[in-house]
K.L.:
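Take this structure, written in structure tokens, and hold onto it; I'll ask about it next.
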Amino acid sequence: MTMKYAFLTSALVVLSGLGFAPGLVVAQTVKKPAITPTTAQTTVTNFQTPNYSVRVFRQGSQTRMNVYDKKTNKLQLNAAPVQVQNSDQQTSYTSSQGEQMFRISVDQSGNKSVEINGPGQVIQETTN
């Protein structure tokens with residue numbers, strides 16, 4: 001504490017020596033902003049195909065998806081909310097952006113696929 005005030009006093013002496021008029025110095029304590037709690041994320045599935053990197057995760061009560069196009073180095077979906085459909089043979093996660101529909105499927109054997117449908121294009125890649 002004494003060091004702070006010594007510095008302030010020294011600064012005032014220097015400033016007044018430079019022709020600045022000494023004035024009233026007001027010290028203010030600034031509180032750090034409270035840390036905003038982030039919602040924990042749990043990965044449901046993640047995988048890579050030759051052209052895509054996919055991650056499906058839960059954030060709070062919402063399931064979301066990231067899809068990264070390795071050929072163009074662009075994130076196609078970033079934490080996009082998905083609809084989850086469960087059946088006996090597979091679980092599908094579906095989201096859309098603009099005119100594109102993204103479907104990630106995971107079957108009971110662990111095979112995973114990404115399917116992207118858009119105007120004039122259908123892309124489907126799988127892993128085993």
K.L.:
I'd like to know if the side chain of S105 reaches the main chain of S92, judged simply by a donor and an acceptor atom lying under 3.5 Å from each other, with no hydrogens or angles considered.
P.N.:
no
K.L.:
How close do K112 and N46 get, heavy atom to heavy atom, and via which atoms?
P.N.:
NZ-O, 3.6 Å
K.L.:
If I take atom CD from residue Q124 and atom CG from residue N117, how far apart are they, to the nearest 0.5 angstrom?
P.N.:
8.5 Å
K.L.:
What pair of heavy atoms forms the shortest contact from Q108 to S87, and how long is it?
P.N.:
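Q108 and S87 have their closest heavy atoms at NE2-O, 4.1 Å.
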K.L.:
Check side-chain contact (heavy atoms from CB on, under 4.5 Å) between Q100 and all other residues, then give those that pass, not counting sequence neighbours.
P.N.:
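Q100 satisfies side-chain contact (heavy atoms from CB on, under 4.5 Å) with Q76, F102, I116, Q121 once adjacent residues are dropped.
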K.L.:
Do F47 and V84 share a hydrophobic cluster (ILVMFWY, side-chain heavy atoms under 4.5 Å, transitive)?
P.N.:
yes
K.L.:
Between the main-chain N or O of P50 and the side-chain N or O of K71, is there a donor-acceptor pair closer than 3.5 Å?
P.N.:
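Checking the backbone N and O of P50 against the side chain of K71, no donor-acceptor pair under 3.5 Å is found.
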K.L.:
Please answer: with hydrophobic residues joined when any side-chain heavy atoms are less than 4.5 Å apart, are Y68 and Y52 in the same cluster?
P.N.:
no
K.L.:
Does any N or O in the side chain of N66 come within less than 3.5 Å of the main-chain N or O of V54, such that one atom is a donor and the other an acceptor?
P.N.:
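Absent.
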K.L.:
Show the nearest heavy-atom pair for residues R58 and V44, with the distance to one decimal.
P.N.:
NH1-CG2, 3.7 Å
K.L.:
Roughly how far, to the nearest 0.5 Å, is CG of N78 from CZ of R55?
P.N.:
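The CZ atom of R55 sits 10.5 Å away from the CG atom of N78.
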K.L.:
Atom NZ in K70, atom CG in N51: separation rounded to 0.5 Å?
P.N.:
7.0 Å
K.L.:
Working to the nearest 0.5 angstrom, can you tell me the gap between S95 OG and M101 CE?
P.N.:
10.0 Å
K.L.:
What is the minimum heavy-atom distance between L77 and Q97, and which atoms define it?
P.N.:
CD2-OE1, 3.2 Å
K.L.:
Which heavy atom in Y93 sits nearest to a heavy atom in V106, and how many Å separate them?
P.N.:
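For Y93 and V106, the tightest heavy-atom pair comes out as CE1-CG2, 4.4 Å.
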K.L.:
Are any non-hydrogen side-chain atoms of Q89 and D107 less than 4.5 angstrom apart?
P.N.:
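Q89 vs D107: side chains apart.
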K.L.:
More than 12 heavy atoms of other residues, nucleotides or ligands under 6.0 Å from CD of Q62: yes or no?
P.N.:
yes
K.L.:
Under 3.5 Å, is there a donor-acceptor pair between the side chain of Q59 and the main chain of R64?
P.N.:
no
K.L.:
Verify side chain to side chain contact (heavy atoms under 4.5 Å, CB included) between V114 and I104, making sure each step is shown before the conclusion.
P.N.:
CA-CA 5 Å; V114 57; I104 305 304; 3.5 Å; yes
K.L.:
For Q48 and S53, work out which heavy atoms get closest and say how close.
P.N.:
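Minimum heavy-atom contact is CG-OG, 3.8 Å.
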